[in-house]
Amino acid sequence: MAVEGRINVRHEDVFTQPIMVLSVDAVEDFDKRKAGNVDPQELDKQTGQRLWAVSILDPTAQQGRREIKVKIPADHQPVPPAGLMAPAEFDGLQVIPYLDSNRAKPRVAIAYRATGFRAPTRAQRQAS
């Protein structure tokens, strides 16, 4: 049986080297913005919470794809455990494969979701 939808993974299985948190920003729902909604922030379809995009720097990613966004649903803006430009790990990480058809040649892409983040464990710190 094929796996569909979100796939639960461990942080260290996806990000083998420590990642750095670059920013945490609200995810904007462009349809709400076009409609003139005063609160254009996108809401998570499963939890109803606001969606936040955590931009991270993954040193192991291909050139040009090192900045990755991981979406986190939360009522309030999540705060990185050690601040910006500091290492972190994700809790409840999920990968979501999808077909990116916004290109001349469609390709399979991956989106990331998490339930939160924390300071790196000792094993991750030693890997760096």
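Separation of atoms NZ (K45) and CG (L51) is listed at 8.0 Å; rounding is to 0.5 Å. If you take OG1 on T121 and NE2 on H11, they are separated by 8.0 Å, rounding to the nearest 0.5 Å. Between M85 atom CE and L22 atom CG the span is 5.5 Å, to the nearest 0.5 Å. Between the CZ atom in R107 and the CG atom in N102 there is a gap of 10.0 Å [rounded to 0.5 Å]. The line from CD of Q41 to CD of Q49 is 11.0 Å long, rounded to the nearest 0.5 Å. One distance of note links CZ of R113 with CD1 of I96; it measures 5.5 Å at 0.5 Å rounding.
Between E89 and F15, the closest side-chain pair of non-hydrogen atoms is not below 4.5 Å. Looking at F117 and V24, their side chains come closer than 4.5 Å, going by heavy atoms from C-beta outward. For the pair V54 and Y112, the minimum side-chain heavy-atom distance is 4.5 Å or more. A heavy-atom distance below 4.5 Å is not found between the side chains of L93 and E12. Looking only at side-chain heavy atoms (C-beta outward), P87 and P120 come within less than 4.5 Å of each other.
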Apply the test side-chain contact (heavy atoms from CB on, under 4.5 Å) to residues Q94 and N8: give CA-CA distance (whole Å), side-chain angles for both, the deciding distance (0.1 Å), then the verdict.
CA-CA 4 Å; Q94 297 176 319; N8 295 323; 3.0 Å; yes
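Linking Ile, Leu, Val, Met, Phe, Trp and Tyr whenever their side-chain heavy atoms come within less than 4.5 Å puts V21 and I68 in one cluster. Side-chain heavy atoms closer than 4.5 Å link hydrophobic residues (I, L, V, M, F, W, Y) into clusters, and following such links, even through other members, never connects V27 to F90. Residues L84 and I19 are members of one and the same hydrophobic cluster, defined by side-chain heavy-atom contacts under 4.5 angstrom among Ile, Leu, Val, Met, Phe, Trp and Tyr. Residues V70 and L57 do not share a hydrophobic cluster, defined by chaining ILVMFWY side chains whose heavy atoms lie under 4.5 Å apart. Hydrophobic clustering places V95 together with W52 (ILVMFWY residues linked when any side-chain heavy atoms are closer than 4.5 Å, directly or through intermediates).
Here the closest heavy-atom approach between residue P97 and residue G5 is recorded as CD-O, 3.7 Å. Closest non-hydrogen pair, S101 versus P106, comes out as CA-CB, 4.1 Å. Residues K69 and A53 approach most closely at CD-CB, 4.3 Å, considering heavy atoms. When all heavy atoms are compared, the tightest approach of T47 to P73 is OG1-CB, 3.8 Å.
In this structure, R50 pairs ionically with D39, as a charged nitrogen and a carboxylate oxygen lie closer than 4.0 Å.
Using a 3.5 Å distance cut-off with no hydrogens or angles, the side chains of Q46 and R6 do pair a donor with an acceptor.
Judged purely by atom type and a 3.5 angstrom limit, S55 has no side-chain atom pairing as donor or acceptor with the backbone of S23.
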